Amino acid sequence: MGSDALQDLNLAGVRWELTEKPVTFEQKKSLPEQSLQEFPNRQNTKPIIVPPSAPVCIDTIKSMVEHTDNIDSVISIITEFNHPLRNGATNVVLPSIAKQSNHLLIVTDIPSTEDDLSGKILSGTAGDLIDKMLSAIAMSRNEVSIIPLLFWRTPGGRTPTREELDLSRPFINKIIEIQKPHIIVTLGTLATAEITQKNLASVHGNEIQDDKGYIVVPIYHPNYLILKPSAKRDVWTALQNVQKLLKNV
């Protein structure tokens, strides 16, 4: 095997061990016949390949965050976590955690191109619109926590796989557990399906009681509103209801 091939295997994460020991021709001649079997010809010896380590399972991630009781620790774990999407992403897109929570938490979908470049969730045009939506009900990002379903951009913005979503879910659950929001607003089809197991079109603006006591209100994603401005009226109605619910906290 040439040096280039060995380098390619090394870069791919393959490790190996060779069982043969170097022996000179003179040493080989002086050994008994049975001893020669301990020193087979190099060309007939196959390397023992050590398989790569197994991928991280969901139970391992759950154990990582199980005893964590503060957001900073969860953020630190997310930052260092070797998710399958990490190597293809530009930045880890971390949750935006409110310094002074008003008991509202937003769950959005996957990071956009702008999010991937900036490392900030809901940036760019969609971010400008969510800021206006919050401002319309007398709120700002400083008061609202925002969590993406994934903390890494998928290649080309494709729909994430079930495994990719599941590997991020323990972090989302732990943040919700620590934040203890009164209202969770889901943005878009994917976030609504993941949090409520319901179709956005059938539950938009409705109050859905979560099994852990949270009230979930699904609304359209800002990107959808950019493409279909007429849907802003329905979102405005839903946000007004969210505002009323928060006043009762």
Side-chain angles (χ1 to χ4, degrees), residues 62 65-66 68-71 74-75 78 93-111 115 121-122 126-127 129-151 160 162 165-166 168-225 228 230-249:
K62 288 180 179 178
V65 299
E66 182 179 3
T68 302
D69 58 1
N70 67 82
I71 293 295
V74 178
I75 297 296
I78 294 172
V93 181
L94 296 172
S96 174
I97 304 299
K99 295 180 179 179
Q100 296 179 335
S101 176
N102 65 351
H103 304 286
L104 174 63
L105 184 145
I106 295 175
V107 179
T108 185
D109 54 13
I110 64 174
D115 299 341
I121 190 60
L122 287 179
L129 184 51
I130 195 68
D131 287 341
K132 292 178 181 177
M133 291 163 62
L134 292 172
S135 178
I137 54 174
M139 297 179 194
S140 70
R141 289 211 199 196
N142 293 331
E143 305 168 288
V144 179
S145 295
I146 305 174
I147 313 174
L149 289 177
L150 284 173
F151 309 108
R162 182 71 265 158
L165 290 167
D166 287 346
S168 288
R169 189 60 185 267
F171 300 118
I172 296 169
N173 291 345
K174 175 55 71 170
I175 293 174
I176 293 174
E177 177 187 321
I178 294 173
Q179 290 290 96
K180 295 181 174 59
H182 183 66
I183 309 290
I184 297 176
V185 169
T186 57
L187 298 183
T189 301
L190 186 58
T192 299
E194 286 298 306
I195 300 299
T196 70
Q197 290 76 54
K198 297 182 184 296
N199 182 276
L200 175 60
S202 63
V203 295
H204 184 277
N206 293 351
E207 298 174 29
I208 301 171
Q209 193 73 35
D210 183 83
D211 57 4
K212 293 185 178 180
Y214 308 119
I215 298 175
V216 182
V217 179
I219 65 173
Y220 298 123
H221 194 282
N223 285 332
Y224 179 78
L225 300 179
K228 190 176 181 181
S230 61
K232 290 181 179 179
R233 179 177 297 179
D234 292 334
V235 170
W236 169 239
T237 301
L239 288 176
Q240 285 182 308
N241 186 42
V242 168
Q243 188 179 34
K244 292 177 181 177
L245 291 170
L246 288 172
K247 287 181 179 179
N248 297 325
V249 175

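Position 1 is the first residue of the sequence, and the numbers go up from there. The structure displayed is predicted, hence computed values, not measured ones.
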In the structure I gave you, are the side-chain heavy atoms of [X] and [Y] within less than 4.5 Å of one another anywhere?
| X | Y | result |
| --- | --- | --- |
| Glu207 | Ile183 | no |
| Met139 | Leu246 | yes |
| Ile137 | Trp236 | yes |
| His182 | Ile215 | yes |
| Val107 | Leu149 | yes |

Open item on the list: For Tyr224, give me all partners under side-chain contact (heavy atoms from CB on, under 4.5 Å), at least two apart in sequence or on another chain.
Closed with: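 Tyr224: side-chain contact (heavy atoms from CB on, under 4.5 Å) contacts with Tyr220, Lys228, Ala231.
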Shortest non-hydrogen separation from [X] to [Y] and the atoms involved:
| X | Y | value |
| --- | --- | --- |
| Leu190 | Leu165 | CD1-CD1, 4.5 Å |
| Ala238 | Gly205 | CB-CA, 3.8 Å |
| Leu225 | Lys232 | CD2-N, 3.9 Å |
| Ala191 | Asp109 | CB-N, 4.4 Å |
| Pro111 | Phe151 | CG-C, 4.3 Å |
| Val93 | Ile121 | CG1-N, 3.6 Å |

Open item on the list: Tell me which pairs pass side chain to side chain donor-acceptor pair (under 3.5 Å) where either residue lies in residues 140-149, with sequence neighbours left out.
Closed with: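 Only Asp131-Arg141, Ser145-Gln179 qualify under side chain to side chain donor-acceptor pair (under 3.5 Å).
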TODO: Can you tell me which residue pairs pass the salt bridge (Lys or Arg N to Asp or Glu O under 4.0 Å) test with a partner in residues 171-183, sequence neighbours excluded?
DONE: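 As it turns out, the salt bridge (Lys or Arg N to Asp or Glu O under 4.0 Å) pairs with a partner in residues 171-183, which skip direct neighbours, are Lys174-Glu177.
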Rounded to the nearest 0.5 Å, how far apart are [atom1] of [X] and [atom2] of [Y]?
| X | Y | atom1 | atom2 | value |
| --- | --- | --- | --- | --- |
| Thr186 | His221 | OG1 | NE2 | 10.5 Å |
| Thr237 | His204 | OG1 | NE2 | 9.0 Å |
| Ile130 | Leu122 | CD1 | CG | 6.0 Å |
| Ile75 | Phe171 | CD1 | CZ | 10.0 Å |
| Leu200 | Thr189 | CG | OG1 | 5.0 Å |
| Ile176 | Ile147 | CD1 | CD1 | 5.0 Å |

- [ ] List in chain and number order the residues that pass salt bridge (Lys or Arg N to Asp or Glu O under 4.0 Å) with Asp166, two or more places apart in sequence or in another chain; answer none if no residue qualifies.
- [x]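 For Asp166 the salt bridge (Lys or Arg N to Asp or Glu O under 4.0 Å) partners, ignoring immediate neighbours, are Arg162.
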Open item on the list: Tell me every residue that passes salt bridge (Lys or Arg N to Asp or Glu O under 4.0 Å) with Arg233, counting only those two or more places apart in sequence or in another chain.
Closed with: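 Residues passing salt bridge (Lys or Arg N to Asp or Glu O under 4.0 Å) with Arg233: none at all.
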- [ ] Sort and list the pairs that fulfil ring pair (Phe, Tyr, Trp, His ring centres under 6.0 Å) and have at least one residue in residues 183-202, not counting sequence neighbours.
- [x]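 For residues 183-202: none.
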- [ ] May I ask you to decide if Ile208's main-chain N or O and Asn206's side chain share a donor-acceptor pair within less than 3.5 Å?
- [x]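 No, Asn206 side chain to Ile208 backbone: no donor-acceptor pair under 3.5 Å.
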- [ ] Test Leu239 against every option in Ile219, Asp234, Leu134 by the side chain to side chain contact (heavy atoms under 4.5 Å, CB included) rule and name the one that passes.
- [x]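 Single pass found, and it is Ile219.
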Task: Ile175/Ile71 under side chain to side chain contact (heavy atoms under 4.5 Å, CB included): CA gap, chis, key distance, verdict - done: CA-CA 7 Å; Ile175 293 174; Ile71 293 295; 3.9 Å; yes
